[in-house]
Colleague: 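Below you will find the structure I want to go over with you.
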Amino acid sequence: MSSPESGVPENHDYDFVGLEPKWQARWEAEKAFRTPDDPAELKAKPKYYILDMFPYPSGAGLHVGHPEGYTATDILARLKRMQGFNVLHPMGWDAFGLPAERAAERENLHPSLITKRNVDNFRRQIRRLGFSYDWEREVDTSDPAYYRWTQWIFLKLHERGLAYLAEVPVNWCPALGTVLANEEVKDGVYVETGDPVERRTMTQWMLRITAYAERLLADLDGLDWPEGIKEMQRHWIGKSDGAEVRFEVEGVPEGFTVFTTRPDTLFGCTYCVLAPEHPLVPRLTAPSAKAAVEAYVREARGKSDLARTELSKEKTGVFSGAMATNPATGEKVPVWIADYVLTGYGTGAIMAVPAHDARDWEFAKRYGLPIRSVVEPATGKAPEGKAFEEEGVAVHSGLLDGLPTAKAKETMGAWLEEKGLGKRRVQYRLRDWLFSRQRYWGEPFPIVHLADKTMAALPVDSLPITLPMIDEYKPTADGRPPLARAPEAWSVRTLPDGRRGTMETNTMPQWAGSCWYYLRYIDPKNARAPWASEAEQYWMPVDLYVGGVEHAVLHLLYARFWHKVLFDCGLVHTREPFQKLFNQGMILAHSYRDARGKYLHPHECEERGGAWVASKTGEAVERQIEKMSKSRYNVVNPDDVIAQYGADSMRLYEMFMGPLEQVKPWQMDGVEGVFRFLARVWRLVVDQKTGMLHGKITPAPASSEPELRKTLHKTVKKVGEDTVELRFNTAISQMMVFVNEATSAKTLPREILESFLRALSPYAPHLAEELWERLGHATLLCKEAWPAFDPALCAEDRATIVVQVNGKVRGRFEALKTLGQEELLRMAKADAAVLPWIQGKKIVKEIVVPGKLVNLVVAG
RNA sequence: GCCAACGUGGUGGAAUUGGUAGACACGCCAGCCUUAGGAGCUGGUGCCGCAAGGUGUGGGGGUUCGAGUCCCCCCGUUGGCACCA
């Protein structure tokens, strides 16, 4: 190791411990990465806005997964600056959230103090990596100066009728004492903690994201995002074309309406189903069925989402005793109540067509309901024993007979509209966004409730509505949110017109602050507006947004929604916030488990004779690659890596591991490898014995080492190209090729070395700055221009020509790339290694690709 | 079940438009240097074979002079969705 503690005092090894803090201090002192604010200065250069998904500052601190994306964006930001762009590259904190509130309870400290402590730790860890953030633009969503504007944007939503209170069935999580958005719940548990969630009806704030469903869907097309993410959002929005159909019910004048995507199968509807929560259920139920229906409804309501999901294999239901009229056939069909019909989708009622819907088929079979086929495949026969769900041709369907499915849908839609029995309709899977939480550590709503049961928005000039000090962060004994504990001085407000009311006690969800932080970075200190329009015009949209795939729907959909509302308010000039999105892959690590399933620390295990064992006991352990987590003892802390190898090695390894988008395992041996590379770069410049410049560095022109010069130009080209394409791993391997060659070269022209250091600097900025200084430069390397390359020097004029016989490589020779076909063919046939394979055989075909290969096809 | 992505040496991974499979690195082997080294340097390293040669990108088939790359089927891994009518 070459750290000063372990080395002899005289040596002049690569001392990252000394030089990294030195350069970080220098960058800070010179404000090297400050992004200009002055509009005139900005206009002189093109802009590049490169954004990281800001972290939630947890108590656990950073792990090596966080800096993966941050390193990638930092390298690109540094490159773009050197290429003459104004770069906006900020960092901040998604600082509201439940964990701080829980820690506050545990430690008896205010959540703001917990948050500050965590933020300080995150900032310290991030700074150690030498990232080129403009720290003067740091934002913190829990800072009143920030959430003032979150509340301000909420008022905009409220003004436009996009925020409303509703009595809705919600996902209540007893363990957390709060509700969760639909998106936060999966299989009946909270996705983050696994705590069970149950259904409750409560009055909640909702945001009308469904009003934007069509635009959120349509505008995806123009975005440079991974196709998979766009597909997930499309699916989440879930647009489907269909029709509403009204069914008459005896004794219930208004009847009920169903939604179907297959109006063409109406003739095959043999029963209907209402969700247990459907409002018509009590009135429609026949006296004879009352007891059974009530029991069923009660049971369904009591089931948690988890139970409903688990029981989904066996469909259950109960006959309501009521009969509805199939509007197409005029037949009476039974109305059933079953929880396989969802209350929140469509109208909460369906027409069941068991012949053409697998779910209805299953239910009909179980309860002995009739099945009537009304669609047949265009060719062949419908499968036996299951529903035929594909498109085909309508049969036994009156006016639809003989029509292909698409045509039949259209015809039925028009017929329903003409007869006043229904209408064509588009349905979205997307639901309105449940926007309130029963927590303390979030933005208070700027809303008061008045004595007359109405409510009013607080005036804009009263913002921010700051959080009150309270003694406990739990809900009250009667189940009201923590803010109900606030003193009257906070909770009772007087409106400008003199009316008095009490503050709303819910708070906003964590997503609120992250919906617009990218806009605040543009103008973070503005006290009069969330951002200046001029700055927004210049910087937006975000050119590149890098973050984890876990935000594919939630954050990215919510932020797009807010952005579109802001667009409609005339506050932003782009329809979409994030033009290009890139997801970095998760970093995994080896974990070790003994026969009893207990996890062991990696340092407690070792390899013996090809098998992994516990060092102490010699007992066999299983070694696997898994997601990093504390409980698996496989978390790698960047602080430890930096202490051992330095920030530059850490940065380089994060990028050298493999393609940024890929999931990949962390391997300490790999860090050692890139560290060795950096040490080689060091020794290229510094004589280890004397600490002076290496003797082989010469003032001679680059042309004095033509081969090395050629490699340099290729390297500069490749590093530049690969970096903007986010292919950092191949850029690094090319730099390794250069260093290997430069190490074995007799002399090293200064001109070549300096170009290389510029190219290296975005990747290993501390080392590059140090060597730049040792070469006699007083100015910062990060302020230098990106090196130019000569395309003529990157092109090889000679190439190895491969000679194949029947597609197999039999020989190879060197030749000019420009050599003609005949000449190549002549040389190939004369090649000694090739001759034995073609002698005495007839050449039936000759393929010549100049600069590449010759393929001779022989017969016999 | 549906949708998407991905399967290349002992390991992480390279490979324009189909044209030398395995760049670069880890590990391993041999040697050199050193009082010493988880240091440095040189060479080797897909597999089988003494060699000539054969074989090889999850499996099977196809297109082509030529396939890691294109097409079809299957298997596996990961992620997302999952009664959305």
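Bear in mind the structure is a predicted one, so any value in this text is a computation, not a measurement. All chains are named by letter (A, B, ...) in the order of the sequence lines, taking the proteins before the strands, and each is independently numbered beginning at 1.
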Colleague: Within the modelled atom types, does a donor on one side and an acceptor on the other bring the side chain of A/Lys718 and the base of B/rU16 under 3.5 Å apart?
Modeller: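 Under the 3.5 Å cut-off, the side chain and the base do not form any donor-acceptor pair.
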
Colleague: Just to confirm, is there a sub-4.0 Å distance from OP1 or OP2 of B/rG19 to any side-chain nitrogen or oxygen of A/Gln804?
Modeller: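 A/Gln804 to B/rG19 OP1/OP2: no side-chain N or O under 4.0 Å.
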
Colleague: Taking atom types as they are modelled, would you say the side chain of A/Asp669 forms a donor-acceptor pair with the base of B/rC26 within the 3.5 Å cutoff?
Modeller: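 No, no donor-acceptor pair under 3.5 Å.
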
Colleague: Can you see if the side chain of A/Lys808 gets near the phosphate of B/rU55 - specifically, an N or O under 4.0 Å from OP1 or OP2?
Modeller: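 Result: yes.
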
Colleague: With ring-ring contact (aromatic ring centres under 6.0 Å, His included) as the criterion, how do A/Phe16 and A/Tyr645 come out once you've worked through the C-alpha distance, each side chain's angles and the decisive distance to 0.1 Å?
Modeller: CA-CA 8 Å; A/Phe16 57 85; A/Tyr645 297 102; 7.7 Å; no

Colleague: Watson-Crick or G-U wobble partner for B/rU20, using a 3.5 Å limit on both distances?
Modeller: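 With both distances under 3.5 Å required, B/rU20 matches none.
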
Colleague: RNA chain B: A/Val549 or A/Val663, which has the more 5' nearest nucleotide?
Modeller: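 Of the two residues, A/Val663 wins.
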
Colleague: Any chance NZ of A/Lys664 has more than 12 other-residue heavy atoms, nucleotides or ligands included, within less than 6.0 Å?
Modeller: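 Yes.
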
Colleague: Does A/Lys845 put a side-chain nitrogen or oxygen below 4.0 Å from OP1 or OP2 of B/rC65?
Modeller: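 True: A/Lys845 side-chain N/O within range (under 4.0 Å) of B/rC65 OP1/OP2.
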
Colleague: Are A/Phe582 and A/Trp225, when compared by the centres of their aromatic rings, separated by less than 6.0 Å?
Modeller: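 Here the rings of A/Trp225 and A/Phe582 have centres that are no less than 6.0 Å from each other.
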
Colleague: Of the listed nucleotides (B/rG38, B/rC65, B/rC24), which one gets closest to any side-chain atom of A/Ile847?
Modeller: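 Closest nucleotide among those given: B/rC65.
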
Colleague: Does B/rA14 have a Watson-Crick or wobble mate here (both distances under 3.5 Å), and if so which one?
Modeller: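 The base-pairing partner of B/rA14, which may sit in any strand shown, does not exist here.
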
Colleague: Any chance the side chains of A/Tyr428 and A/Glu214 put a donor and an acceptor closer than 3.5 Å?
Modeller: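 On atom types as modelled, these side chains qualify, holding a pair under 3.5 Å.
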
Colleague: Between B/rA14 and A/Asn729, is there an OP1 or OP2 to side-chain N/O distance shorter than 4.0 Å?
Modeller: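 True: A/Asn729 side-chain N/O within range (under 4.0 Å) of B/rA14 OP1/OP2.
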
Colleague: Between B/rC81 and A/Arg234, is there an OP1 or OP2 to side-chain N/O distance shorter than 4.0 Å?
Modeller: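 So the side-chain polar atoms of A/Arg234 never come under 4.0 Å of the phosphate oxygens OP1 or OP2 of B/rC81.
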
Colleague: How would you label the glycosidic angle of B/rG54: syn (within 90° of 0) or anti?
Modeller: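 Glycosidic conformation of B/rG54: anti.
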
Colleague: More 5' along RNA chain B: A/Gln667 or A/Ala799, using each one's nearest nucleotide?
Modeller: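 Upstream on the strand: A/Gln667.
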
Colleague: Kindly point out which of B/rC81, B/rA21, B/rG12 is positioned nearest to the side chain of A/Val809?
Modeller: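 Nearest nucleotide to the side chain: B/rA21.
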
Colleague: Within less than 4.0 Å of OP1 or OP2 of B/rA23, is there a side-chain N or O belonging to A/Asn740?
Modeller: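 Checking B/rA23 against A/Asn740, no side-chain N or O comes under 4.0 Å of OP1 or OP2.
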
